There are 2 protein chains.
Amino acid sequence: MDWSSIPSLASLRAFEALARHGSLSAAARELNVTHAAISQHLRALEADFGLTLARRDGQGMQLTEDGHELAAALGEGFARISDGVAALRDRARTRPVVVALTPSFAEAWLMPRMGGFWAAHPDVEVRLVPGVNLMDLRRDGVDVAIRFGGGSWPGVQAEPLALSAFVVVAAPGFTKARGMQDLARLSALDWFFSGASVEQRVWGQAVGVDFDAIGAREMANNGLVVSAVRAGLGLSIQAKALVEPDLASGQLIALHEGDAAGLGYYIVTRPDALSPGARLFVRWLRRRAKPA
Amino acid sequence: MDWSSIPSLASLRAFEALARHGSLSAAARELNVTHAAISQHLRALEADFGLTLARRDGQGMQLTEDGHELAAALGEGFARISDGVAALRDRARTRPVVVALTPSFAEAWLMPRMGGFWAAHPDVEVRLVPGVNLMDLRRDGVDVAIRFGGGSWPGVQAEPLALSAFVVVAAPGFTKARGMQDLARLSALDWFFSGASVEQRVWGQAVGVDFDAIGAREMANNGLVVSAVRAGLGLSIQAKALVEPDLASGQLIALHEGDAAGLGYYIVTRPDALSPGARLFVRWLRRRAKPA
DNA sequence: GCCACCTGTTAGCACAGCTTACATCAAGGA
DNA sequence: TCCTTGATGTAAGCTGTGCTAACAGGTGGC
């Protein structure tokens, strides 16, 4: 495409509007500018082409044949562009919001609350992508991630959703059955953990324990870990925010509680390009954050 | 057309170029800007739509599906616009140059020289429109006018082509046959003039004579006037520039010569919109002006 | 004659869109 | 392994396009 021979697009747009309205003032109103702006564009075009495009005709303007020819081309061209833009906006509006999060958070925190979002925004489709690895938001097409950690990751924006202390939990009967209150006397085999639980790995690093290394019992995912603990088979370390309901109902009891120390769940987004649906979802998340 | 929902056309143009080249730098080269400009436009579009349009991919860029959709629409739209502009330029290039002039000037000065222009520019069509009335250049679609007068007309540009004294001419035998050298003894009936000769009217005004009022013999056009004078039937006032050849060949002799006084032929053009052909014609005219 | 609308033109200002300048990263060749 | 080349990313700041403001004049309807 040889852009050098094409007059400024602003001029062409102005002329296209002029052609449709047949009057400088009307065109100016459509484009939210003054008539002087349109007049200048028209003069510039006529000087550039060396053609008269419109004759001044008392009230209003009359396109010449040359003017009509140009206007037709511009009308079609701009219409195609406008259609394409509109289609893309529509696509952006209806596109599912892709949310990456840790499996535990999805199960224990988000799913119980999702009903509220779906009720409020039935037209916004949300695709939850549970996963352990830190995904590259841009590369993997993720709109929003909920990550567990200290809140500082390079190249993304992060805001706290729910800072959370950790708790060591067990079934109410566990310590009684074992006849002990003393954590120090627990063996490695009493601990359950899951390599798939980002939260436990982060807490482990924070308190200086590598569950894998000390030979604790590993489960495939944190859901199994919690099941085992509920069954009175042992204990585990959990983000307090996630086991809140179990503690409240008495299904689990907290043996020890640790400091939040800035660790918790963060809403992580790309600095650029947040889709309309994603914007809604983030706003909804923020409102849920307070009570948690 | 709802322009408010359409991003800046410059951004869209930049993205269209990016889509075709698959690289910021290449697109920048096409548009004669730096890669930073393209990069900024891309970011602005992505932020506006809330969509990722292109993935950064080591060397070069890869459009997303959304990006391809947008690029297709833009490509077609801009192509239509570009075609329309090109067609109009072509039309402007090949359009005949409309030249308005006085009949006398056309016959006596321009026609003898037109061969030179046609030889130099065989592709430029020139339409001569001889006429007496001062035409409205814009309204009547006239590119160039050659007017006789003092050089100052409102709303147009005028540059001198050939300033010209007037001469009172007669056939060589005329005065001899009448046996007199003395202009004062000529009667009104010895004068020929034409109401269609702008030049004579202007000279008349300049010297304070209204040929019509004094009852001189009127002919339909100046060609007939000159014929009558050549035949020895009387005398007339003429722009010197137009009867130069007759004087040189001895067909006519000058009885009296008046001052140019700023009167003469001027190249008159509109301040705006001079078509390419018209530009050529005016330039050619200017070169002919010196020797005349 | 008045009013309400249009167009034409200039001077001057604001900001979109650019450049400059720096950074990082990947691919090739010495 | 280093160096060169050419890609992208981003911030700061300049510049010229495209606008407004403020004038003028013309036209049609009441």
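We name chains A, B, ... by the order of the sequence lines, and we start the count at 1 in each one. Only a predicted model underlies this, so the values are computations on that prediction, with no experimental measurement involved.
- Going from atom CD of A:E46 over to atom C1' of C:dT7 covers 13 Å, rounded to whole Å.
- When the C1' atom of C:dC6 is taken as reference, atom CG of A:L24 falls 9 Å away, rounded to whole Å.
- The main-chain N or O of B:L45 is never found under 3.5 Å from a side-chain atom of B:S11 such that the two would form a donor-acceptor pair.
- Atom CZ of B:R55 and atom C1' of D:dG9 are 17 Å apart (whole Å).
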For nucleotides 12-19 of chain C, tabulate all protein N/O to nucleotide N/O atom pairs closer than 3.5 Å, reporting atom names and distance.
residue	atom	partner	partner atom	Å
C:dC18	OP2	B:H41	NE2	2.4
C:dC18	N4	B:Q40	OE1	3.1
C:dT19	OP2	B:T34	N	2.7
C:dT19	OP2	B:T34	OG1	2.9
C:dT19	O4	B:Q40	NE2	3.2

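- For the residue pair A:A278 and A:D143, the shortest heavy atom distance occurs at CB-CB, 3.9 Å.
- Applying the side-chain contact (heavy atoms from CB on, under 4.5 Å) criterion to A:A92, with sequence neighbours excluded, gives A:P276, B:L51.
- A donor-acceptor contact shorter than 3.5 Å links the side chain of B:E46 to the backbone of B:A54.
- Rounded to an integer number of Å, the gap from B:R56 CZ to C:dT24 P is 19 Å.
- In this structure, A:D48 atom CG and D:dT17 atom P are separated by 13 Å, rounded to whole Å.
- When rounded to the nearest whole Å, the span between CZ of B:R43 and C1' of D:dG9 equals 7 Å.
- Residues A:L9 and A:F78 come closest through the heavy atom pair O-CZ, 4.3 Å.
- Between B:W3 atom CH2 and D:dG18 atom P there is a gap of 14 Å when expressed in whole angstrom units.
- What separates CG of B:L18 from P of D:dA7 is a distance of 13 Å, to the nearest Å.
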